[in-house]
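Structure first, commentary second.
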2 protein chains.
Amino acid sequence: MKKENKSLTASMEDYLEMIYRLSVDTGFTRIHELSSALNVRPPSATKMVQRLAELKLIKYEKYGVLILEENGKLLGSELLKRHNIIENFIKIIGVDETNALEETEKIEHTVSTKTIECIDTFLHFIEENPDVLTQYYQYRFEHTSEQ
Amino acid sequence: MKKENKSLTASMEDYLEMIYRLSVDTGFTRIHELSSALNVRPPSATKMVQRLAELKLIKYEKYGVLILEENGKLLGSELLKRHNIIENFIKIIGVDETNALEETEKIEHTVSTKTIECIDTFLHFIEENPDVLTQYYQYRFEHTSEQ
DNA sequence: AAACAAACTTAGCTAAAACTAATATATTTT
DNA sequence: AAAATATATTAGTTTTAGCTAAGTTTGTTT
């Protein structure tokens, strides 16, 4: 087995993750749904989808529906998991909801698996030690008057 | 008034930050020093430097030395501060030294000022509550056998 | 001061990822 | 079923940031 699939660009990851999210219920999604979810024009989505199809991550036929291949589904769910770890973390340290998503999207494609693991461990730690968070928020409150 | 300086690309920030680091002692740096520090070929550095000069962030003359303008110095030091915040944070959550720098470089250009502020606050909190860190490392130790 | 080496610049190419405009296909309405 | 609408694709352009190759300028040696 070779690595093969691991060299997705940040954008490709964005697309794949979104395809995963959009098709998790229905089993499929479409170009216009994808493109509007990513705030991108349809031609951009088409092009990327064709590349993902070449990599056998999704099944795609012209004018048709987008369906994840087994590989794509696996990778997609990993990407989503990663996304959620970052997002939880970003929220916990105090970035407000309005910006949290955006910040998450910016970070998620850049950091390594190791870093994600660290963040995940940290989140679990916080979960089991909620008093730490209380302390932190108290501290934040005292040290953040007007922004 | 036009857009002014605030819309630097991630790369431009990389270059500016590095110029700042390299010239903080001597007051100047050079293309080849910059390009090798950034692992980039000299022509790439030249091109970017010309753009930064157009934005009045550095003083630059062909075949000459690179010197930060007042604006550039200010922005550069902010970028470096940001870098250090991220780096400290990354190390604190447990990313090992070997990867910390790389991870920092990947994150630093993506996140917003607000997020940086949150991270900074968190770092200060940790500083004033070292016991939290001790607890966390204990937890980490228990939940991280072999990677 | 001539020759050589090092540093730098220019020109031109590549790749990713976005865009618009034009065209093609599919679906829905009448 | 024809017309109208919605959805997709293709082709071609743009921007950013890298690269190589070739040519300039500067500096260092002899």
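By convention in this document, chain letters (A, B, ...) are assigned in the order of the sequence lines, proteins followed by strands, and residues within each chain are numbered from 1. All values below come from the heavy atoms of this structure, side chains included, with hydrogens, waters and symmetry mates left out.
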Side chains of B:Leu75 and B:Leu8: does their closest heavy-atom pair fall under 4.5 Å?
yes

Do A:His83 and A:Glu87 have side-chain atoms, one donor and one acceptor, less than 3.5 Å apart?
yes

For every nucleotide of nucleotides 4-19 of chain C, 5' to 3': is a protein heavy atom under 4.0 Å from its base (B), only from its sugar-phosphate (S), or from neither (-)?
---SBBB------SBB

Here the distance between atom P of D:dT7 and atom CG of A:Leu66, to the nearest Å, is 14 Å

Carboxylate-amine/guanidinium proximity below 4.0 Å for A:Arg82 and A:Glu17:
no

Centres of the A:Phe89 and A:Phe125 rings: under 6.0 Å?
no

Quick check: do A:Leu101 and A:Ile90 have side-chain heavy atoms less than 4.5 Å from each other?
no

